[in-house]
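Read the structure below first, then the notes.
Throughout, residue positions are numbered sequentially from 1 according to the sequence presented. Atoms within each ligand, like the ligands themselves, are counted from 1 in listed order.
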Amino acid sequence: MSENIERYFDQYGLSPKTRAFIAKEHGLFIGGEWSVGPERTDVIEPSTGEVLTTLTTGTVDDLDRAVAAARRQFDEGEWPRMKPLAREQLLLKLADALEANLDEFAEIESVDVGKSLQDAKDIDIQGTVDTLRYFAGWASKIGGRSAEASSMPGEYLAYTRKEPVGVIGVIVPWNFPLQTLAWKLGAALAVGCTVVVKPAELTSLSALRFAELAQEVGIPDGVINIVTGRGSVVGSALAAHKDIDKITFTGSTKTGLAVGHAALENWTRMTLELGGKSPVIVYSDVDIEQTVERVALGIFANSGQVCDAGSRAYIHESIYDEFIERLGAHVSSLAVKPGLDPDCFMGPLVSENQMRQVVDYIEIGIAEGARLVTGGPGTSETGFFVQPTVFADCDNDMRIVREEIFGPVLVCQKFSTEEEVVKLANDSDYGLAATIYSESINNVLRVAPQLKAGSVYVNAQSTIDPAMPFGGYKASGFGRDLGAEQLDFVTETKTVWVTIDA
Ligand code: NAD
């Protein structure tokens with residue numbers, strides 16, 4: 001670990017436990033065994049831009065071993081055969097263990113992703129604990145139904161069974177590493193599936209620490225397997241693997257398309273949670289100051305690296321000028337600081353590559369003629385910081401309005417009628433989320449059904465809970481994570497017909 005990183009950790013008092021974990025020789029977790037591979041991938045700390053630690057660069061052979069271990073546990077092991085209440089107890093134990101180590105996990109996530117430590121605690125890790133607890137409860141509640149035949153002559157008993165889909169391949173991105181993993185694992189493990197996880201190469205640390213806890217609390221070997229490595233090698237081999245039953249992927253629309261094509265070749269079931277460019281509609285009847293703060297939070301939290309970030313705002317013409325002026329003033333006052341700094345509102349971007357990509361988009365916006373209200377293409381000397389940036393006077397033909405930037409850039413334009421703003425909001429390849437700000441229940445209830453988006457938020461953004469489903473329309477993906485709805489995506493439904501002879 002470099003001197004600069006040591007100094008950064010000392011300055012904010014990073015715990016010895018977290019330091020010791022980071023400094024470990026990280027390996028793969030396959031069939032309950034840890035194995036350290038010879039090829040290593042550097043992990044870069046985003047606030048300093050320096051090497052934090054290294055990970056094992058998994059191979060396709062490693063992946064095959066992991067799929068075989070998950071298959072063995074699913075076909076012959078105790079996990080799918082365990083009484084549901086016993087599985088529920090183990091998942092609750094895992095959630096308790098995670099909660100007991102919440103501070104350590106939050107520190108790991110903060111230094112791996114660059115995010116605010118407080119957000120890592122409140123959102124990432126608490127969200128993971130809650131998701132595990134919510135789905136643990138489903139282990140003993142899920143069941144089929146029975147019905148009378150509706151038209152077929154004769155007497156029958158017909159009933160359905162919810163059976164675990166099998167071995168699930170899990171591929172996750174780097175923005176909420178552990179929380180996204182829990183979105184996949186909670187439902188899958190509750191119903192008795194086993195998993196092979198490919199974390200994002202930039203941020204695999206929390207998944208590895210999580211596997212340690214799972215082993216400690218007694219989750220059987222082979223239920224959770226983790227193979228770190230490159231997306232183009234391990235990720236693509238997982239998506240194309242003939243011996244998995246389902247792939248669940250969260251990431252970019254481009255990669256999701258490749259994953260979906262590969263999966264379909266083997267009839268592998270799939271859930272794809274992909275990109276977004278979510279519209280925010282601001283009516284004229286809002287409390288302007290409060291809405292400015294909420295719109296800013298909805299795009300600049302986690303440095304804009306949020307799939308359902310409200311990244312394009314449509315503001316009613318009667319309040320547009322005042323709204324933009326106050327938004328500019330508010331956004332320029334946001335604290336951009338290293339993730340461990342207690343005052344951090346917005347940390348750095350996750351990598352140099354991501355920073356360059358965001359800066360390129362800011363330059364494209366300027367070249368396209370959008371009005372720069374605050375921020376701009378400048379970057380920090382140390383680490384991967386950019387300024388939160390707001391553009392006004394945009395239009396839907398601009399690339400900065402059409403393409404997902406996945407960074408702290410908000411594009412704004414005015415609208416005059418409801419009909420016009422609904423058209424503008426829906427004029428996108430994506431359909432992950434949309435937000436309406438209005439005091440009028442009639443505006444909300446008229447417009448929410450017209451928006452082509454998997455989630456519609458009203459008077460706040462990214463209000464997410466394990467009990468409610470999350471997923472996209474259009475190029476934002478297939479299927480749903482979270483909520484009772486997710487159970488349908490980790491099970492097969494079997495119908496059993498019993499003919500009753502007279
Ligand atoms: P990405 O698509 O580059 O990578 C996602 C994961 O896929 C990583 O683990 C990566 O290693 C792996 N991968 C890369 N190439 C692969 C391949 N050829 N085959 C299989 N796997 C491969 O995405 P990212 O940059 O890590 O994440 C940002 C994207 O994720 C954004 O588009 C964002 O909107 C999206 N996202 C969506 C949601 C959602 O719930 N809809 C949530 C978070 C992020």
Side-chain angles (χ1 to χ4, degrees), residues 41 55 57-58 60 63 112-113 115 123-124 127 131 169-184 196-204 206-207 226-241 244 247-263 265 268 270-278 299 301-311 349-351 353-358 361 403-407 428-433 453-455 462 464 468-482 486 489:
T41 304
L55 300 172
T57 314
V60 174
L63 180 78
D112 209 12
V113 186
K115 63 174 65 198
I123 299 169
D124 294 77
T131 303
V170 177
I171 304 177
V172 286
W174 42 259
N175 55 341
F176 293 91
L178 193 65
Q179 195 182 9
T180 311
L181 186 59
W183 283 27
K184 309 295 190 187
V196 176
V197 178
K198 211 302 280 172
E201 46 269 68
L202 296 174
T203 59
S204 301
S206 55
I226 314 247
V227 182
T228 52
R230 292 193 196 96
S232 57
V233 178
V234 177
S236 71
L238 183 55
H241 209 290
I244 61 166
I247 188 95
T248 178
F249 171 87
T250 298
S252 64
T253 291
K254 185 164 163 256
T255 311
L257 202 55
V259 165
H261 278 297
E265 287 295 318
T268 303
M270 67 182 92
T271 295
L272 304 175
E273 296 282 359
L274 309 177
K277 189 77 185 178
S278 300
I299 175 69
N302 210 41
S303 308
Q305 305 165 127
V306 180
C307 53
D308 67 340
S311 50
L349 297 178
V350 74
S351 65
N353 200 21
Q354 190 66 16
M355 180 179 78
R356 296 272 157 242
Q357 216 165 288
V358 169
Y361 269 113
E403 297 175 18
E404 183 185 45
I405 299 174
F406 215 57
S428 170
D429 293 338
Y430 297 107
L432 193 57
S455 296
S462 298
I464 286 174
M468 296 304 284
F470 184 88
Y473 284 26
K474 302 192 272 182
S476 293
F478 284 105
R480 292 292 177 269
D481 281 345
L482 305 185
Q486 191 179 358
F489 294 97

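- Val172 O, 2.8 Å is the protein heavy atom nearest to atom 9 (O) of ligand 1.
- Of the protein's heavy atoms, Trp174 NE1, 3.1 Å lies nearest to atom 25 (O) of ligand 1.
- You'll find the side chain of Met270 stays beyond 4.5 Å of the side chain of Val259, heavy atoms only.
- Atom CG of Leu349 is separated from atom CG of Asn175 by 11.5 Å, given to the nearest 0.5 angstrom.
- Nearest protein heavy-atom neighbour of atom 32 (O) of ligand 1: Glu404 OE1, 2.6 Å.
- The closest protein non-hydrogen atom to atom 2 (O) of ligand 1 is Ser252 OG, 2.7 Å.
- Between Leu202 atom CG and Asn353 atom CG the span is 8.5 Å, to the nearest 0.5 Å.
- Nearest protein neighbour of atom 33 (C) of ligand 1, counting heavy atoms only, is Phe406 CE1, 3.2 Å.
- Geometrically, ligand 1 and Thr255 share a nitrogen or oxygen pair separated by less than 3.5 Å.
- With Phe249 as the partner, the side chain to side chain contact (heavy atoms under 4.5 Å, CB included) test is satisfied by one option alone out of Leu274, Val172, Leu238, Thr271: Leu274.
- Here's the thing with Trp183: none of its N/O atoms is less than 3.5 angstrom from an N/O atom of ligand 1.
- For the pair Glu201 and ligand 1, the shortest N or O to N or O distance falls below 3.5 Å.
- Atoms of ligand 1 lying under 4.0 Å from at least one heavy atom of Glu273, given by number and element, are 37 (C), 38 (C), 39 (C), 40 (O), 41 (N).
- Ligand 1 places these atoms under 4.0 Å from at least one heavy atom of Leu432: 41 (N).
- Within the listing of ligand 1, atoms 5 (C), 36 (N), 37 (C), 38 (C), 39 (C), 40 (O), 42 (C), 43 (C), 44 (C) sit less than 4.0 angstrom from a heavy atom of Thr250.
- Neither side chain, Asp112 nor Thr203, offers a donor N or O lying under 3.5 Å from an acceptor on the other.
- Between Pro177 and Val113 the shortest side-chain heavy-atom distance falls below 4.5 Å.
- With sequence neighbours excluded, the residues that form a side-chain hydrogen bond (donor to acceptor under 3.5 Å, both in side chains) with Thr248 are Lys184.
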Walk me through it: do Leu482 and Ile464 pass the test side-chain contact (heavy atoms from CB on, under 4.5 Å)?
-> CA-CA 9 Å; Leu482 305 185; Ile464 286 174; 4.1 Å; yes
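- Summarising the contacts of atom 41 (N) of ligand 1 with Leu482, Leu274, Val234, the nearest heavy atom is found in Leu274.
- For Leu202, no heavy-atom contact with ligand 1 is shorter than 4.0 Å.
- For atom 14 (C) of ligand 1, the nearest non-hydrogen atom of the protein is Gly231 CA, 3.5 Å.
- Annotation: Phe176 is not in aromatic contact with Trp183 [ring centroid separation under 6.0 Å not met].
- Polar contact check, Asn175 against ligand 1: no nitrogen or oxygen pair lies under 3.5 Å apart.
- Between Gly251 and ligand 1, a contact under 3.5 Å exists for at least one N or O pair.
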Kindly determine whether Ser278 and Tyr430 satisfy side-chain contact (heavy atoms from CB on, under 4.5 Å), including the steps that lead there.
-> CA-CA 8 Å; Ser278 300; Tyr430 297 107; over 6 Å; no
Start with the C-alpha distance between Asp124 and Leu178, add both sets of side-chain angles, then the distance that settles side-chain contact (heavy atoms from CB on, under 4.5 Å), and finish with yes or no.
-> CA-CA 7 Å; Asp124 294 77; Leu178 193 65; 5.9 Å; no
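- Taking every non-hydrogen atom of Ala200 and a distance limit under 4.0 Å, the qualifying atoms of ligand 1 come out as 9 (O).
- Taking any N or O of Ala239, backbone or side chain, none lies under 3.5 Å from an N or O belonging to ligand 1.
- Looking from atom 20 (C) of ligand 1 to the surrounding protein, the closest heavy atom is Gly235 C, 3.2 Å.
- Within the 4.0 Å heavy-atom cutoff, Phe176 does not count among the residues contacting ligand 1.
- Protein heavy atoms are found inside the 4.0 Å sphere centred on atom 36 (N) of ligand 1.
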Just do the side-chain contact (heavy atoms from CB on, under 4.5 Å) check on Ile405 and Lys277 with the steps written out, would you?
-> CA-CA 8 Å; Ile405 299 174; Lys277 189 77 185 178; 3.9 Å; yes
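- For atom 42 (C) of ligand 1, the closest non-hydrogen atom of the protein is Cys307 SG, 3.0 Å.
- In plain terms, the two heavy atoms of Glu273 and Phe470 that are nearest each other are OE2-O, 2.9 Å.
- Ligand 1 lies within reach of Pro199, whose nearest heavy atom is under 4.0 Å from it.
- The list of salt bridge (Lys or Arg N to Asp or Glu O under 4.0 Å) pairs with a residue in residues 226-237, not counting sequence neighbours, reads Glu39-Arg230.
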